[in-house]
Amino acid sequence: MKPCLVVVGPPGSGKSTVGPLLAEHLGVAFRDSDDDIVARAGCSISDIFATEGEPFFRELEEQVIAEALAEHDGVLSVGGGAVLAPGTRERLRGHFVVFLNVGFATGVHRVGLSTARPLLAGVNPRATYRTLLEQRLPVYREVASLEVPTDDHTPAEIVALIAAGL
Ligand code: S3P
């Protein structure tokens, strides 16, 4: 197993934008756990939540990430809730984990609260997002090798901040 550079953070923190740019900057391959899940399941994440439920999604997510960590040696972005699984947190040890932090206002603006994110498609998505940020912050910090604030930075600046912190 070679170490990966793993990008974690809540929805709207920029993982899907920064991850590929970082990989390009470093000259390594990029992989995204949500993409792997969609490819494996043959349907969208919203469909998985709707038809199989969140526990099924979380199991698949943990499995896909375990495989990626074992065989990939570039940048790996993982879904915002991936770090909730104790097994995944354990597997992240030995990898360099970048936590993209985002404030509530910026995060809400970025996610647009669209139905593409099933966890934020309920009756009060703003409150759900706020709770999600509060509950997950300590977990992201627990696994992080490096924390990068994203609110006031462009993706290119964030890549430079990460590269400087490696
Ligand atoms: C989730 C975040 C999503 C996706 C799924 C669950 C979460 O990924 O994995 O909808 O629990 O925060 P992004 O963080 O890329 O939006």
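As the structure lists them, so they are numbered: ligands from 1, and atoms in each ligand from 1.
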Open item on the list: Just to confirm my output: which protein heavy-atom neighbour is closest to atom 2 (C) of ligand 1, and how far is it?
Closed with: Gly80 N, 3.5 Å
- [ ] Enter the distance from Ile158:CD1 to Thr150:OG1 here, rounded to the nearest 0.5 Å.
- [x] 5.0 Å
Open item on the list: Looking only at the side chains, is there a donor atom on one of Asp32 and Ser77 sitting less than 3.5 Å from an acceptor on the other?
Closed with: no
Open item on the list: Out of all atoms in ligand 1, which are within 4.0 Å of some heavy atom of Leu119? Include the element for each.
Closed with: 7 (C), 11 (O)
Open item on the list: For the 3.5 Å polar cut-off, considering only N or O atoms, please tell me whether Pro118 and ligand 1 meet it.
Closed with: no
Task: Close side-chain approach of Arg141 and Phe99, heavy atoms under 4.5 Å - done: yes
- [ ] Heavy-atom distances under 4.0 Å are what count here, so tell me which part of Arg136 touches ligand 1: side chain, backbone, both or neither.
- [x] side chain
- [ ] Indicate yes or no: does Glu134 engage Arg130 in a salt bridge with an N to O separation below 4.0 Å.
- [x] no
Task: ligand 1 atoms in contact with Ile45 (distance to a heavy atom under 4.0 Å) - done: 5 (C), 10 (O)
Task: Heavy atom of the protein closest to atom 9 (O) of ligand 1 (residue, atom name, distance) - done: Asp34 OD1, 2.8 Å
Task: Cationic N near anionic O, under 4.0 Å, Glu67 to Arg40 - done: yes
Open item on the list: List ligand 1 atoms under 4.0 Å from Arg117, heavy atoms only on the residue side.
Closed with: 16 (O)
Task: Side chain, backbone, both or neither: Arg58 near ligand 1, heavy atoms under 4.0 Å - done: side chain
TODO: Measure Val111 to ligand 1 on non-hydrogen atoms and call it side chain, backbone, both or neither using the 4.0 Å cut-off.
DONE: neither
Task: From CG (Leu119) to OH (Tyr129), nearest 0.5 Å - done: 12.0 Å
TODO: Spell out, as yes or no, whether a donor-acceptor pair under 3.5 Å connects the side chain of Arg136 to the backbone of Thr131.
DONE: no
- [ ] Give the numbers and elements of all ligand 1 atoms closer than 4.0 Å to a heavy atom of Phe57.
- [x] 5 (C), 9 (O)
Open item on the list: Under a 4.0 angstrom heavy-atom cut-off, which atoms of ligand 1 come close to Lys15?
Closed with: 13 (P), 14 (O), 15 (O)
Task: Sole candidate of Leu76, Val28, Leu166 that passes side-chain contact (heavy atoms from CB on, under 4.5 Å) when paired with Leu5 - done: Leu166
